[in-house]
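Worksheet: the structure to be examined is printed underneath.
Quick note: residue numbers are just sequence positions, from 1.
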Amino acid sequence: MRTRWRARHVLAHQNGGHALLHDGEVVWEDDVIVHVGRRYEGPVDVDLDLGDSLVMPGLIDLDALTDIDHLVLDSWHGPAMGGGLQWSQDYFDHRRHDVFTPDERRTVREFALAQLALHGITTYMPIASEVHSSWAEPYEELVAMAETSRRIGLRGYLGPAYRSGVNVALADGGRGVAFDEDRGRAGLHDAVRFLDHLDRLADPLLTGVLLPCRIETLTAELLRETAEVARRRDVLVRLHALQGTVERELVERMHGMEPIRLIEETGLFDTRLLIPHTMLIDRHPDVHGEDRGDLDRLARAGVSVVHCPLTSLRYGSVLHSFGAYRAAGVNLCLGTDSFPPDLVRGMDTGVHLAKLVDERFDAAPAEHYVEAATLGGARALGRADLGRLEPGAQADLVAFDLADFRDGVQDDPVRTFLLSGTARQATHSVVAGRPVLVDRALPGVDLPALKQQAQHLFDRMRAAYSERDILRRNADTLFPPTFPDFRIQA
């Protein structure tokens, strides 16, 4: 099966980097690109003229939300509501349970994966909240999610998240971690079972990875065992770490060392490691405010930093800085981490945040962020055949419509798109040569019904915060509206 896309702009690959091809064509046979250029001489089975579009490598999201987002509930609250967003110790000890049934969790995953596809993401590594689960992610849930991912057609790097403990709100207003180490060991066992499951499945679009949770919720023993399994099985590890001051204080209290040293001491620097966020290192103003070698440690260890600029900004954080990490030789890739899974908005946000941090307009130009969303993600995955449009690469590509009047005038198509556009302009995508997004729709997915189901489940999730709240406040108290309801006068 040979397919050709034609478009006004193609972000092709040449001489080791991206290059803009105007009025270009991309042709692939089965799952491999065979031609990138202007005029392809030869027959094709499918010929699609995308007009005034930007065709580029499929976006790679390595901290991709596969849940119904809670950021809409917890990114704007004041200190008085903080205890209502974590588990209470009492809930941990006596009342923890799953808010959703397995079938409902399957619906949640389908909703989230559909969102990824609609926003032009072709490769993802999932992240979901454990706040509304009884512990973390069970093996069976990831088996079901893998089937949903196959049906939609995305390229997934999957594994059940596991942890030894959970963040809890304390009666004195502080934060702690309550542990159930048996559950942590069982979680790693399930993660290995899932690696075996995907090996048996032998689907080239699904790759097993190890996804331990946040570093403060993991014992040193579980971190060491994770590193040992990763080396033995040669699989990627993604560990949420170096995120903020609360994490740093908890890790220092429990282990007597800062998080980056704990990662090193437990052997994770000797694995193929991805760390989302990675903001709170020595050069951050909340630590030392100067470089004392942390960036070099990350670069020498080959760590890939999964930068999530839009989510970071929404929680009041920023990388110090994109340009410094890149200059130090740290591989930068991107994640969305929250809703919407819009890497275009994320890239634009990152470009402008970098200007503030480094106090110069060219601190992190648009092209560096596009490289992170494509080539950086491919490097993190160890896949030289992803993140680029050139003969021999996998046929993973996406088209964004640039013809809307509201997009305004255009200079450079990439820079203008990041400034004026959004990933909602995705019209078509293919993964391994197979259509995923077709004319802005997902064949076989009933989006209106899925949205209605997701809203019902979100309402249940929102209400469930009350039983975890240390003060047992109801959801309307925890999450008041922006403005009071309008009252009709009699």
Side-chain angles (χ1 to χ4, degrees), residues 17-18 20 59 61-63 71 75-76 240-248 258-260 274-301 303-338 342-377 379-380 408-423:
H18 293 321
L20 273 168
L59 300 177
D61 184 348
L62 297 182
D63 205 30
L71 181 141
S75 62
W76 48 266
H240 281 73
L242 308 169
Q243 293 189 84
T245 55
V246 172
E247 170 209 292
R248 187 178 179 91
E258 68 274 17
I260 195 169
L274 292 75
I275 307 180
H277 309 302
T278 324
M279 290 178 291
L280 218 71
I281 61 173
D282 52 18
R283 63 179 290 115
H284 193 281
D286 288 343
V287 183
H288 301 300
E290 63 181 15
D291 187 358
R292 298 187 180 183
D294 282 354
L295 276 181
D296 184 59
R297 292 163 80 180
L298 294 171
R300 284 189 288 107
V303 170
S304 289
V305 168
V306 187
H307 178 35
C308 307
L310 187 57
T311 297
S312 295
L313 175 63
R314 286 170 164 177
Y315 284 113
S317 301
V318 61
L319 200 67
H320 286 263
S321 67
F322 186 94
Y325 283 51
R326 182 181 164 102
V330 175
N331 182 50
L332 287 156
C333 45
L334 295 187
T336 50
D337 190 55
S338 63
D342 191 328
L343 278 176
V344 176
R345 287 179 66 185
M347 287 187 274
D348 185 46
T349 298
V351 166
H352 302 301
L353 283 175
K355 295 175 185 177
L356 289 174
V357 173
D358 285 345
E359 299 182 324
R360 48 186 295 173
F361 284 176
D362 63 347
E367 55 267 31
H368 289 180
Y369 266 91
V370 172
E371 288 171 6
T374 53
L375 297 171
R379 282 191 293 269
V409 297
Q410 184 184 108
D411 179 36
D412 177 276
V414 172
R415 190 179 297 118
T416 305
F417 178 45
L418 260 62
L419 278 168
S420 304
T422 166

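- In this structure, the side chains of V357 and L319 stay at 4.5 Å or more apart for every pair of heavy atoms.
- For the pair H277 and D63, the minimum side-chain heavy-atom distance is below 4.5 Å.
- With rounding to the nearest 0.5 angstrom, the CZ atom of R248 is 10.0 Å from the CD1 atom of I281.
- The aromatic rings of Y369 and F322 sit parallel, their planes meeting at an angle under 30°, below the 60° perpendicular limit.
- A pairwise comparison of heavy atoms in L353 and V318 identifies CB-CG2, 3.9 Å as the closest pair.
- Checked by atom type and distance alone, the side chain of D282 pairs as donor or acceptor with a backbone atom of G293 at under 3.5 Å.
- Identified under the salt bridge (Lys or Arg N to Asp or Glu O under 4.0 Å) test for residues 306-328, with sequence neighbours left out: R326-E371.
- Judged by distance alone, the side chain of T311 and the main-chain N or O of T336 form a donor-acceptor pair under 3.5 Å.
- For the pair Q243 (side chain) and L280 (backbone), a donor-acceptor distance under 3.5 Å is absent.
- A donor-acceptor contact closer than 3.5 angstrom links the side chains of D358 and S321.
- Contact of the V370 side chain with the F417 side chain is not registered, since no non-hydrogen atoms from C-beta on lie closer than 4.5 Å.
- Taking 4.0 Å as the cut-off between side-chain N and carboxylate O, D294 and R297 count as a salt-bridged pair.
- In terms of heavy atoms, L274 sits closest to L62 at CD2-CD1, 3.7 Å.
- A donor-acceptor pair under 3.5 Å links the side-chain atoms of T278 to the main chain of I275, judged by distance alone.
- In the displayed structure, E359 atom CD is contacted under 6.0 Å by at most 12 heavy atoms of other residues, nucleotides or ligands.
- Once rounded to the nearest 0.5 Å, the distance linking OG1 of T349 with CG of L418 reads 9.5 Å.
- How far CG of D61 is from CG of D342: 10.5 Å, rounded to the nearest 0.5 Å.
- Put simply, the side chain of R415 never gets that close to the backbone of A366: no donor and acceptor are under 3.5 Å apart.
- Between M347 and P309, every side-chain heavy-atom pair lies at or beyond the 4.5 Å cut-off.
- In plain terms, the two heavy atoms of C333 and S304 that are nearest each other are SG-CB, 4.1 Å.
- Taking 4.5 Å as the limit, every side-chain heavy atom of D337 sits out of range of all side-chain heavy atoms of P276.
- Distance check, rounded to the nearest 0.5 Å: NE2 of H368 to CG of D362 gives 9.0 Å.
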What do the steps show when you test L242 against V305 for side-chain contact (heavy atoms from CB on, under 4.5 Å), and what is the final call?
CA-CA 10 Å; L242 308 169; V305 168; over 6 Å; no
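- Taking every heavy atom of both residues into account, L310 and G346 meet most closely at CB-CA, 4.0 Å.
- Nearest approach of G335 to V306, heavy atoms of both residues: N-CG1, 3.8 Å.
- A donor-acceptor pair is defined here as one N or O able to donate and one able to accept, closer than 3.5 Å; no such pair exists between the side chain of D291 and the backbone of R283.
- For the residue pair L59 and L343, the shortest heavy atom distance occurs at CB-CD1, 3.9 Å.
- Formation of a donor-acceptor pair under 3.5 Å by the H284 side chain with backbone atoms of D286 is found in this model.
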